[in-house]
Amino acid sequence: MIKVLLKKQLSEIFKAYFFDIKKNKARSKASTVLFILLFAFLMIVVMGGMFGALSFSLSPIVFLGYGWLYFAIMSLISILFGVFGSVFSTYSGLYLSKDNDLLLSLPIPVRAIMVSRLLGVYLMGLMYSAVAIIPAVVVYFIIAPVNTAGIIGGLAAPITISLFVLALSCIFGYFVAKISLKLKNKSFVTVIISLLFFAVYYFVYFKASSFIGEFVKNVMVYGENIKNKAYVVYIIGRAFEGDLISALIVNAAVLILLFLTLYIISKSFIKIATSTAAATRVKYKAKREKSHSVLGAVTLKEFKRFTSSANYMLNCGLGVIFMIAAGIFAVIKGESIRNALSAQFKGYEDLIYVAAAALICMLISMNDTAAPSVSLEGKMLWQIRSLPVDTKTVLKSKYLLQMYINILPAVFTADCVIIALRPGILTGVLTVILCAAYVVFHSLYSLFCGLHKVNLNWTNEVVPIKQGMNVVFAIFGGWALAIAIGLPYLFLGTFLSAQIYMSVIIAMIAVLSVLLYRWMNTKGVRIFEAL
Amino acid sequence: MLKIEHLTKTFGDRRAVDDLSLEIGKGEIYGFIGHNGAGKTTTLKSVCGIQSFDEGEISLDGVSVTDEPIRFKGQIAYIPDNPDLYEFMSGIKYLNFIADIFGVGESERRERIEKYAAIFELTDDLAQPISAYSHGMKQKLAIISAWLHNPRLIIMDEPFVGLDPKAAHSLKEMMREVCDSGGAIFFSTHVLEVAEKLCDKIAIIKNGKLIKEGTMEQVKGDESLEDVFLELEAEK
């Protein structure tokens with residue numbers, strides 16, 4: 001029984017490598033090989049290289065006799081990476097699988113369903129934790145003299161850690177499932193948690209080298225403190241360094257934790273997997289509902305679609321946060337930025353102003369709500385098509401939403417940059433106009449991309465939001481244009497002032513916008529109506 | 001009222017609807033029956049302007065669905081076989097969205113929402129997100145939204161699927177009320193007993209072609225509708 005389920009689970013996990021969901025046909029062998037090689041490159045070379053470099057930077061502590069601390073730190077990083085990589089798939093894989101009802105209705109023991117589901121979670125955790133711990137083990141084997149026990153301890157590290165990651169992922173997944181059954185504004189909570197995670201990630205990323213430097217310098221103090229106050233950490237490090245007793249204790253503890261977790265989950269699996277109760281039921285109380293114009297109603301509908309999905313907000317609206325953060329940063333650090341840039345570009349200040357405007361345009365390009373908006377209609381397309389709404393109005397609502405989302409942050413950031421760089425009134429005004437014009441252009445351009453690469457047959461909204469060519473063209477095309485706005489001035493700066501150059505760019509963006517607008521109301525309408 | 005003339009729609013090599021013509025008058029409940037894949041949904045989608053067609057003409061009191069789609073759609077309401085509604089909205093937000101599109105005034109919409117939500121016992125659930133609704137609740141919400149703007153013609157694809165007996169009974173009464181006040185209903189169904197009891201006129205479609213059409217008496221005579229349908233289906 002488990003074998004059959006495992007086969008089904010494995011084919012599901014690796015389906016993307018062999019089957020093109022969008023085209024609904026099997027991939028060619030070359031495409032499959034390329035896909036696998038690309039993924040292997042990303043995981044082994046990029047991620048593995050990153051953790052390999054981190055391991056090398058920690059290697060001095062091995063020479064000081066703190067090999068256990070080296071393993072303890074790298075194990076902790078590996079566990080964190082593994083858990084973050086697999087915790088979300090634990091929740092969705094265990095409790096949200098669409099075939100849960102089907103499998104539970106068949107004569108299959110719950111334990112067998114769980115084991116097959118957890119295999120996917122385990123593989124995910126193993127993959128993410130392994131790209132961190134394997135480079136650490138390899139680096140250790142290269143730099144330290146190791147005996148047989150050391151080799152066994154090092155080789156056992158990925159397996160022990162992956163099992164621990166599985167246990168932790170199950171525990172977190174269990175609590176995520178419990179909480180999500182009671183959560184009301186799931187999408188906003190997810191966005192906030194994700195933003196916090198990004199903030200912590202970037203904070204750690206930028207502080208990592210100074211933290212490691214400080215740690216290596218004072219390793220004896222930290223090492224002794226950890227050994228005295230957190231003996232468990234010492235045992236874990238010793239286990240992977242090759243100490244037999246420590247290895248036995250650690251592995252036994254991991255196995256006990258894993259079995260206990262699985263036991264608890266199996267007891268509550270059916271209850272959670274079959275529960276559909278979302279938030280507390282709110283009883284409707286009649287109240288005055290404000291009416292809207294047709295354009296207002298469809299634009300509001302687009303806005304609700306945007307705010308109802310954490311995926312949509314994070315992937316197509318994150319640039320708003322970056323824009324505001326960049327603006328605030330520019331104001332706070334205004335003087336030092338100004339001084340540094342003035343020293344570097346003395347006599348070429350105009351170049352700074354043009355480059356700043358181009359950078360804001362790049363940030364604007366990150367917000368592309370209009371690009372997936374057509375595909376997101378999906379199976380609900382019949383509604384807007386059966387209602388007495390002009391297609392021009394439908395398309396207008398889609399690009400208007402993107403304009404509304406971008407315009408205020410873009411103007412705010414442009415103002416902040418003006419405050420920071422003090423370019424003079426005319427250049428400042430032109431910077432604001434250029435950014436605002438770019439918002440209009442990019443909104444129309446995103447919908448242009450969205451109308452060219454429509455995919456209405458998705459089962460997961462992430463496909464049109466994140467994985468479609470519509471989004472790729474909208475963002476990267478936007479970036480390319482933003483670069484094209486700034487780059488020529490490197491050569492033209494000696495002949496043209498920033499004011500003249502920006503005026504020309506604004507005129508060009510306006511012309512492009514008008515052309516796109518006309519296309520939208522003719523060809524765009526025809527494409528949408530033919531869907 | 002509704003006139004379909006020589007409607008033809010092809011998908012690749014297959015003729016889903018083949019030279020279909022029919023007319024629905026004021027006050028008529030018009031049933032549309034046929035086997036799976038006969039062309040019922042394609043016809044209904046063409047009538048409400050969702051689906052383009054290759055040949056033919058569809059008009060409502062002289063207003064063409066192809067020439068004046070917005071004016072045409074403003075007078076009808078459509079309920080599909082599977083109500084995929086905007087799940088990111090609550091029930092009440094959805095109804096207000098539909099009312100906004102049809103320009104229903106605030107007092108009328110409140111009155112109608114209260115009336116029909118009470119009929120379908122959905123009032124307490126209107127604040128819930130549609131994603132939390134069962135299939136039957138979504139169907140009820142789709143029906144309420146279709147009745148919000150007093151349409152002249154209501155087009156429904158399998159409207160009784162998923163409805164509980166009480167709601168199905170209420171829907172039948174509402175359909176009759178629409179016709180009594182000068183409107184018309186055009187709906188498809190596989191439940192022949194319902195069609196037999198409810199419809200004034202009926203059309204049977206087979207492989208995209210209209211094979212029988214007329215008043216209930218003209219179509220079935222002394223036989224049951226089921227017997228007539230099975231006989232026609234058996235003919236090559």
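Small disclaimer: the values here were computed from a predicted structure and weren't measured. In what follows, chains carry the letters A, B, and so on, assigned in the order in which the sequence lines appear, proteins first and then strands, with residues in each chain numbered from 1.
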Query raised in the report: What distance separates S90(B) OG from K304(A) NZ, expressed to the nearest 0.5 Å?
Result: 7.0 Å

Report task. With rounding to the nearest 0.5 Å, note down the distance linking OG1 in T393(A) to CD1 in I70(B). Result -> 7.5 Å

Requested in this report: Provide the closest heavy-atom pair for G74(B) versus P388(A) in the form atom of the first, atom of the second, distance.
Outcome: N-CB, 3.6 Å

Report task. For residues D84(B) and L381(A), determine if any side-chain heavy atom of one lies less than 4.5 Å from a side-chain heavy atom of the other. Result -> no

Report task. Go through L387(A) and Y78(B) one step at a time and tell me if the side-chain contact (heavy atoms from CB on, under 4.5 Å) criterion holds. Result -> CA-CA 9 Å; L387(A) 293 173; Y78(B) 170 62; over 6 Å; no

Report summary line: To the nearest 0.5 Å, atom CG of L531(A) lies from atom CD1 of I50(B) at 12.5 Å

Query - Shortest non-hydrogen separation from Y284(A) to A127(B) and the atoms involved - result: CB-N, 3.6 Å

Query raised in the report: Could you state the interatomic distance from CG (D100(B)) to NZ (K290(A)), rounded to the nearest 0.5 Å?
Result: 10.0 Å

Query raised in the report: With a 4.5 Å limit on heavy-atom distance, are the side chains of M89(B) and K301(A) in contact?
Result: yes

Requested in this report: Count the heavy atoms belonging to other residues, nucleotides or ligands that lie under 6.0 Å from CZ of F303(A), then report whether that count exceeds 12.
Outcome: no

Report task. May I ask you to check whether over 12 heavy atoms, not counting those of K45(B), lie within 6.0 Å of atom NZ? Result -> no

Query raised in the report: Do the side chains of E529(A) and P69(B) get nearer than 4.5 Å, heavy atoms only?
Result: no

Query raised in the report: So what's closer than 4.5 Å to chain A heavy atoms on S52(B): side chain, backbone, both or neither?
Result: neither

**Report entry** Contact origin within I98(B) toward chain A - heavy atom pairs under 4.5 Å
**Finding:** side chain

Query raised in the report: Any side-chain heavy atom of W382(A) sitting closer than 4.5 Å to one from Q51(B)?
Result: no

Requested in this report: Provide the closest heavy-atom pair for R109(B) versus S291(A) in the form atom of the first, atom of the second, distance.
Outcome: NH2-CB, 3.2 Å

Query - Side chain, backbone, both or neither of R71(B) within contact of chain A (heavy atoms, under 4.5 Å) - result: neither

Query raised in the report: Would you say the side chain of Q383(A) lies within less than 4.5 Å of the side chain of F97(B), judging by non-hydrogen atoms?
Result: no

Report task. Side chain from CB out, backbone as N, CA, C, O: work out which of these in Q75(B) comes under 4.5 Å of a heavy atom of chain A, or both, or neither. Result -> neither

Requested in this report: Check whether more than 12 heavy atoms from other residues, nucleotides or ligands sit under 6.0 Å from atom NE2 of H35(B), and answer yes or no.
Outcome: yes

Query - Engaged part of I384(A) at the chain B interface, taking heavy atoms whose separation is under 4.5 Å - result: both

Query - Rounded distance (nearest 0.5 Å) linking atom NE2 of H292(A) with atom CD1 of I101(B) - result: 11.0 Å

Report task. Can you tell which part of I92(B) gets under 4.5 Å to a heavy atom of chain A, answering side chain, backbone, both or neither? Result -> side chain

**Report entry** OG on S309(A) to CD on E87(B), rounded to 0.5 Å
**Finding:** 13.0 Å

Report task. Could you tell me which portion of F72(B) (side chain, backbone, both or neither) has an atom closer than 4.5 angstrom to a non-hydrogen atom of chain A? Result -> neither

